[in-house]
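Notes for the one structure printed next.
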Amino acid sequence: MVYVCGAKVYPVGRHYDKSVVDMALEVSGPLVRECGEPEAIVFATYLSPFQEDFDNHAQLFAEYLGTDAEVYTVASGDGSGGAAISLGEKLVKAGYKRVLVVGSDKTNDFHSKHAVEQLTTLIAPYERYYGTTYSSVHALAARLYMKRFNLSREELSQWAVVMHSNAIDVPHAQLRFPVKIEKVCSSNVISEPLRLLDAHPFSDGAAAVMLTSESSPVELRTASASSKLTVANRDLTFMDSTYKAMKKLGVDGVDAVEVHDAFSIAGLIALESLGLAERGKAIELLNERPKEINPSGGLKARGHPIGATGVYQVAEGFSAITEGLGRLGKVSSFLTHSTNLMGASTYLTYLKEV
Amino acid sequence: MDISPARIWREKPFSYRLEVLECPKCKRRYVGNVEECPKCGAKLERKRLPRKGRVIAWTKVVQVPEFAEDFAPLYIGLIELEDGSRVVAKLVDVVEPSDGMEVEAVLRRVRVDGQTGLIEYALCFRPIL
């Protein structure tokens with residue numbers, strides 16, 4: 001059995017005064033003092049090598065943490081955080097008593113057009129040299145989904161409205177203000193049909209989770225799978241890897257879920273790929289159970305510090321089970337969904353009250 | 001962004017000629033320069049995809065990466081070629097694309113290296129004249 005004995009998050013936002021290692025230390029120091037020294041560290045980050053012109057974060061982090069634990073960097077695009085949790089679980093299963101999983105990343109050290117360009121490194125070379133962006137991949141998915149399932153622009157905007165209201169009561173969330181449908185529908189176009197308020201904000205942040213083999217209040221289990229990275233060769237209206245990972249996980253119902261909604265459309269597709277809603281019907285689920293879907297506000301409103309996001313989700317699940325999270329309150333089971341480029345691969349984590 | 005001459009050179013078969021690698025045994029396709037099918041081990045064959053197709057979905061990209069600022073806004077299309085295979089590519093010479101629009105491949109400049117002035121070309125798609 002693998003348990004979570006503690007978790008810490010850094011407020012998501014713009015942190016010009018903090019480096020990726022600084023933020024990782026701010027959350028990990030207190031966590032290690034609370035739970036004990038880890039035997040291994042799994043460090044997740046993706047954009048920081050581009051942002052900081054430095055690519056040995058985990059090693060410097062371990063030095064400053066003052067530990068001789070073995071240390072690994074894990075990257076799986078914007079799903080790096082979920083991948084790190086998944087590997088951390090396996091290290092505990094392999095016999096380690098405590099494994100520290102930390103995700104820390106940045107997108108704000110440069111003007112946002114640099115982050116837009118850096119995020120194109122997620123896309124396969126033969127598809128990205130034209131200027132294909134992270135947002136345009138989601139935009140193509142939105143076009144296909146909206147046409148196939150007759151989803152209106154107003155319905156799609158509902159995603160942002162719910163995410164923003166969920167984030168209001170979450171202290172570490174980046175966008176803690178309400179938005180109205182009209183505002184989403186009239187915000188600037190990023191990549192048609194997606195608009196600014198369909199998109200994740202640019203975020204800096206760090207989150208840490210301590211996994212352990214010793215009995216603790218929250219039990220953790222992961223399941224992952226991969227599918228196609230190339231955009232041309234997949235069904236963009238469904239996340240195949242998510243569907244496969246969910247089958248492996250074998251969980252029927254959950255009290256709440258955090259899905260990887262880098263853009264509104266990805267949130268809807270994720271809910272359907274997880275089997276929580278029928279295809280084309282995720283919008284109904286969102287309207288029926290708004291508090292249980294991305295109670296943190298999701299990537300949309302809590303924010304999306306790319307490689308760290310998956311670790312935030314698990315830390316939020318831990319909070320939801322131990323003390324309550326935002327307007328969701330306290331629950332006894334929680335599912336997190338982290339993906340690399342809109343479902344090229346999926347890392348699921350299931351948390352349960354012991 | 002620095003453009004690597006080596007990368008442009010090795011990507012030429014696809015970016016200039018739409019050549020993919022196809023496994024004669026299991027029919028899997030790859031874009032790149034590997035010798036054997038990673039799945040079944042058969043020797044891969046080069047195959048040229050048709051240069052005509054139709055637009056399945058498209059987007060007008062306003063928030064573009066820095067290297068593409070001179071081309072903004074960009075039109076990116078998901079295109080189904082005549083043999084049913086699909087590619088993602090830039091749409092050029094269009095004012096307003098439409099679903100089902102018939103397009104053909106045309107070689108265009110896609111990126112210029114700010115430091116060395118190296119120019120990268122690739123096949124884009126334009127409406128059939």
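In the text below, chain A, chain B and the rest are named by the order of the sequence lines, each starting its count at 1. The shown structure was predicted, so the numbers you read here are calculated from the model rather than taken from an experiment.
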Query raised in the report: When rounded to the nearest 0.5 angstrom, what is the spacing between CZ in B/Phe67 and NZ in A/Lys113?
Result: 13.5 Å
Query raised in the report: Under the 3.5 angstrom rule, does the side chain of A/Tyr130 hit a backbone N or O of B/Leu123 as a donor-acceptor pair?
Result: yes
Query - Shortest non-hydrogen separation from A/Pro125 to B/Glu11 and the atoms involved - result: CB-OE2, 3.7 Å
**Report entry** Residue, of B/Glu66, B/Lys90, B/Arg29, that accumulates the most heavy atom pairs under 4.5 Å with chain A
**Finding:** B/Glu66
Query raised in the report: Is atom CG of B/Asp83 surrounded by more than 12 heavy atoms (other residues, nucleotides or ligands) closer than 6.0 Å?
Result: yes
Report task. Under 4.5 Å heavy-atom distance to chain A, tell me which part of B/Ala72 shows up: side chain, backbone, both or neither. Result -> neither
Query raised in the report: More than 12 non-hydrogen atoms from neighbouring residues, nucleotides or ligands closer than 6.0 Å to CZ on A/Arg14, yes or no?
Result: no
**Report entry** Partner chain A: residue of B/Val31, B/Val110, B/Ile56, B/Ile79 with the largest heavy-atom pair count (under 4.5 Å)
**Finding:** B/Val31
Report summary line: Tightest non-hydrogen contact, residues B/Ala122 and A/Tyr129, listed as CB-CE1, 3.8 Å
Query raised in the report: Does A/Lys183 NZ have over 12 foreign heavy atoms under 6.0 Å away?
Result: no
Query raised in the report: Just checking, any donor-acceptor pair under 3.5 angstrom between side chains of B/Thr59 and A/Ser136?
Result: no
Report summary line: The interface call for B/Val64 against chain A, heavy-atom contacts under 4.5 Å, is backbone
Report task. Go through the atoms of B/Glu69 and report whether side chain, backbone, both or neither lie under 4.5 Å from a heavy atom of chain A. Result -> side chain
Report task. Please lay out, stage by stage, how A/Ile190 and B/Val62 fare under the test side chain to side chain contact (heavy atoms under 4.5 Å, CB included). Result -> CA-CA 5 Å; A/Ile190 296 178; B/Val62 179; over 6 Å; no
Query raised in the report: More than 12 foreign heavy atoms under 6.0 Å from CZ of B/Arg109: is that the case here?
Result: no
Query raised in the report: Is the shortest side-chain N to carboxylate O distance from B/Asp99 to A/Arg143 below 4.0 Å?
Result: no
**Report entry** Backbone of A/Val116 reached by a side-chain donor or acceptor of B/Gln63 within 3.5 Å
**Finding:** no
Query raised in the report: Counting only heavy atoms not in A/Phe50, do more than 12 sit closer than 6.0 Å to its CZ atom?
Result: yes
Query raised in the report: For B/Leu81, is it the side chain, the backbone, both, or neither that has a heavy atom closer than 4.5 Å to a heavy atom of chain A?
Result: neither
Report summary line: Counting heavy-atom pairs under 4.5 Å with chain A, the top scorer among B/Leu78, B/Val88, B/Val87 is B/Val88
Report task. Look at A/Asn188, A/Thr133, A/Val189, A/Leu140 and state which one has the largest set of heavy-atom pairs under 4.5 Å with chain B. Result -> A/Leu140
Query - Interchain contact, B/Leu74 with chain A, by part (heavy-atom threshold 4.5 Å) - result: side chain
Query raised in the report: If you count heavy-atom pairs under 4.5 Å with chain A, which of B/Ala68, B/Gly77, B/Cys124, B/Ser15 comes out on top?
Result: B/Ser15
Report summary line: When every non-hydrogen atom of A/Gly131 is compared with those of B/Ile76, the smallest separation belongs to C-CD1, 4.3 Å
